[in-house]
Amino acid sequence: MGNSPSALQQCIDAVGNGRSGFAGYPSNPLYQIQWVKPYNLDILVTPAVVVRPQTAADVSGVIKCATANNVKVQAKSGGHSYANYGVGGEDGAVAIDMVNFQQFSMDKLTWQATIGAGTRLGEVTKKLHDADGRAIAHGVCPGVGIGGHATIGGLGPMSRMWGSCLDHVIEAEVVTADGKIQRASSTENTDLFWALKGAAAGFGVITEFVVRTHPEPPTIVQYSYTFTFGSQADMAPAYAAWQDLIADPKLDRRFGSMFIMYPLGAIITGTFYGTNAEYEASGIPARLPPTANKSVAVNDWLGSIVHDAENEGLYLSDMSTPFYSKSLAFTKDNLIPSKSFSKLFQWVDQQDKGTLLWFIIFDASGGAVADTPINGTAYAHRDKILYYQSYTIGLPLSSKTKDFVTNFHNQILAAAPPNTKGTYAGYVDPALKDGQQQYWGSNLPRLQTIKSKWDPRDVFHNPQSVRPTA
């Protein structure tokens, strides 16, 4: 790794200039708990150092220290990478924790907000609400940081209506591999800006975003349909009805939905951004599979975010745990055919799952996300209308647990049309041998070219980040 770690430490300590809490090293007591804070406890990572800078100049200094010592760099915002890529994804990186970047301001002439890259989504919602009831599209897990969310994609229940979180980014301040503090937008450093909107981990450390905003919708309908089945195979008709609904190209964009399988049954849950009368008039309720166990609530914007976060907390914890996940994205043309549903769900019945804690999530996409061309940003999944994600937790995470998820994924691949591939980088899967191709698809060659220009030494690196052109 080049010079000794002590040289790296001396350099970084000089940037910190004696400030308490600026940097933590493996020699520090409780380093993993207090500094590294891994999200996935099944993937152990020990960075060379975790730094908590306070200014863009600090970030610049830290990056210069890393390059001088031939050490890789990754930024961490909320720290929710499935493979702990925010702390490097492998041992020995400089992890830059953006927790101190909480700045916020609103330009009330343009309704553009400036948001620090360490701000978590729960705080983003609150700060925008307090700025005269503004909003952007984003996910609903409050602990996720905007720094990663708005640069990987940023999908959430309002994405079909407004686009992804990164579609709201109009400018960013970013520190590049040479340590320079840059601005990137559609008029300045345009190639870098294109890459940041989908693959930023390989291109720099963003310190703040400028985003366009919307007025909060005044009324939101939130629904939950719960199903209990005698077997997983009995679920097939309900799933078929739901997939047929979300695949409708004329589906109201105000509608977001998930189908969640779990050991005892399934839940169809989601949101309609409008009044209950508009929801009924859309015809959507009549197309959802019938169940006696359903609830429909009407909330305001903040109430809807809290409701969604509570629902998501049922199956995607904000706590660090050992977990394992697989995922796949589908266009309208490569959805799983209805003739395969029964066989797919029967396979789940046939497995010895024991006491496994697992969830299989199907999440509707499309709508406004598809308004931007596939090559309009680095985020390449504009044509996808559905994501699936399997997720299992183990204490410990056994080979049996992982095998269930892996083999279900293989069943999905077998049921889908040939050559179905590609997944969202927010569901990062370190087991993928062709991760870059799966995450960025046809945009990968351009990303590699831009990487060669802005970061030819691959300073910003994790196991699946974009590499420079060979």
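With sequence neighbours left out, Thr331 forms a side-chain contact (heavy atoms from CB on, under 4.5 Å) with Asp333, Asn334, Asp383, Lys384. Residues passing the side-chain contact (heavy atoms from CB on, under 4.5 Å) test with Thr213, sequence neighbours excluded: Met106, Trp111, Ala113, Leu128, Arg134, Ile136, Val211.
Among all heavy-atom pairs drawn from Trp242 and Asp363, the shortest one is CH2-N, 4.2 Å. Considering all non-hydrogen atoms of both residues, Ala195 and Ala378 come closest at O-CB, 3.7 Å. Of all heavy-atom pairs spanning Leu41 and Pro322, the tightest one is CB-N, 3.8 Å. Here the closest heavy-atom approach between residue Val36 and residue Pro47 is recorded as CG2-CD, 3.6 Å. Taking all atoms of both residues into account, the shortest heavy-atom contact from Thr271 to Pro157 is OG1-CB, 4.1 Å. Residues Val466 and Ala199 share a closest heavy-atom pair of CG2-CB, 4.2 Å.
At a cut-off of 3.5 Å, with distance as the only test, a side-chain donor of Thr377 or Arg382 sits close to an acceptor on the other residue. Side-chain contact, Tyr85 with Gln464: a donor N or O sits under 3.5 Å from an acceptor N or O. Between the side chains of Asn299 and Gln222, at least one donor N or O lies within less than 3.5 Å of an accepting N or O.
Ring centers of Trp301 and His129: at least 6.0 Å apart, outside the cut-off. Here His138 and His168 keep their ring centres 6.0 angstrom or further from each other.
Side-chain atoms of Pro38 and Ile43, non-hydrogen and from C-beta on, never get closer than 4.5 Å to each other. Residues Pro217 and Trp162 have side chains in contact (heavy-atom distance under 4.5 Å, counting atoms from C-beta outward). Between Leu413 and His409, the closest side-chain pair of non-hydrogen atoms falls below 4.5 Å. Residues Asp234 and Phe227 have side chains not in contact (no heavy-atom distance under 4.5 Å, counting atoms from C-beta outward). Contact of the His461 side chain with the Glu90 side chain is registered, since non-hydrogen atoms from C-beta on lie closer than 4.5 Å. Between Thr291 and Thr226 the shortest side-chain heavy-atom distance does not fall below 4.5 Å. Within the 4.5 Å cutoff, the side chain of Trp358 has heavy atoms near those of the Met261 side chain. Looking at Met158 and Tyr273, their side chains come closer than 4.5 Å, going by heavy atoms from C-beta outward.
The CG atom of Asn462 sits 7.5 Å away from atom OG of Ser81, with the distance rounded to the nearest 0.5 Å. From Phe104, atom CZ reaches atom OG1 of Thr114 across 8.5 Å, with rounding to the nearest 0.5 Å. Note that CD1 of Ile115 and CD1 of Ile206 are 12.5 Å apart. Values are rounded to the nearest 0.5 Å. Taken to the nearest 0.5 Å, the OH atom of Tyr388 stands 10.5 Å off from the CD1 atom of Ile361. The CZ atom of Phe209 lies 12.5 Å from the CD1 atom of Ile170; values are rounded to the nearest 0.5 Å. Taking OH from Tyr427 and CG from Leu155, the interatomic distance works out to 6.0 Å, rounded to the nearest 0.5 Å.
Between Phe323 and Tyr391, the ring-plane angle classifies as parallel under the 30° and 60° cut-offs. Between Phe255 and Tyr223, the ring planes are parallel. Angles under 30° get that label, and only those over 60° would be called perpendicular.
Between the side chain of Thr151 and the backbone N or O of Lys197, no donor-acceptor pair lies under 3.5 Å. The backbone N or O of Ser365 sits less than 3.5 Å from a side-chain atom of Arg160, completing a donor-acceptor pair. Judged purely by atom type and a 3.5 angstrom limit, Thr275 uses its side chain to pair as donor or acceptor with the backbone of Glu278. Side chain of Lys76 to backbone of Gly145: no donor-acceptor contact under 3.5 angstrom is found. Using modelled atom types, one side-chain atom of Gln436 and one backbone atom of Ser465 make a donor-acceptor pair closer than 3.5 Å. The backbone N or O of Ile336 lies less than 3.5 Å from a partner atom in the side chain of Gln243, making a donor-acceptor pair. Distance alone, capped at 3.5 Å, is enough to place a donor-acceptor pair between the His149 side chain and the Gly139 backbone. The closest donor-acceptor contact from the side chain of His381 to the backbone of Thr423 lies under 3.5 Å. Judged by distance alone, with hydrogens and angles left aside, the side-chain atoms of Asn40 form a donor-acceptor pair with the main-chain N or O of Tyr82 at under 3.5 Å. Of the possible donor and acceptor atoms, none in the side chain of Asp308 sits under 3.5 Å from a partner among the backbone N and O of Ile305.
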Verdict with reasoning, Thr228 to Leu264, per side-chain contact (heavy atoms from CB on, under 4.5 Å)
CA-CA 6 Å; Thr228 302; Leu264 299 179; 5.6 Å; no
So Val369 and Tyr379, side-chain contact (heavy atoms from CB on, under 4.5 Å) or not? Walk me through it.
CA-CA 10 Å; Val369 176; Tyr379 175 76; 4.1 Å; yes
Could you give me the CA-CA distance, side-chain angles and deciding distance for Arg19 and Asp58, then say whether side-chain contact (heavy atoms from CB on, under 4.5 Å) is met?
CA-CA 11 Å; Arg19 281 174 280 172; Asp58 286 344; 2.8 Å; yes
Step by step, would you call Asn375 with Asn443 a side-chain contact (heavy atoms from CB on, under 4.5 Å)?
CA-CA 6 Å; Asn375 64 357; Asn443 287 336; 3.8 Å; yes
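With Phe341 as reference, Tyr239 is the one residue of Phe259, Tyr239, Phe362 to meet the ring pair (Phe, Tyr, Trp, His ring centres under 6.0 Å) rule. Checked against Tyr324 for a side chain to side chain donor-acceptor pair (under 3.5 Å), the options Thr392, Thr401, Asp42, Thr406 give a single hit: Thr406.
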Side chains of residues 93-103: which donor-acceptor partners sit under 3.5 Å, not counting sequence neighbours?
residue : atom : partner : partner atom : Å
Asp97   : OD1  : Val99   : N            : 3.1
Asp97   : OD2  : Arg52   : NE           : 3.4
Asn100  : ND2  : Arg52   : O            : 3.2
Asn100  : ND2  : Pro53   : O            : 3.1
Gln102  : NE2  : Val99   : O            : 2.7
Gln102  : NE2  : Gly118  : O            : 3.0
Gln103  : NE2  : Glu208  : OE1          : 3.2

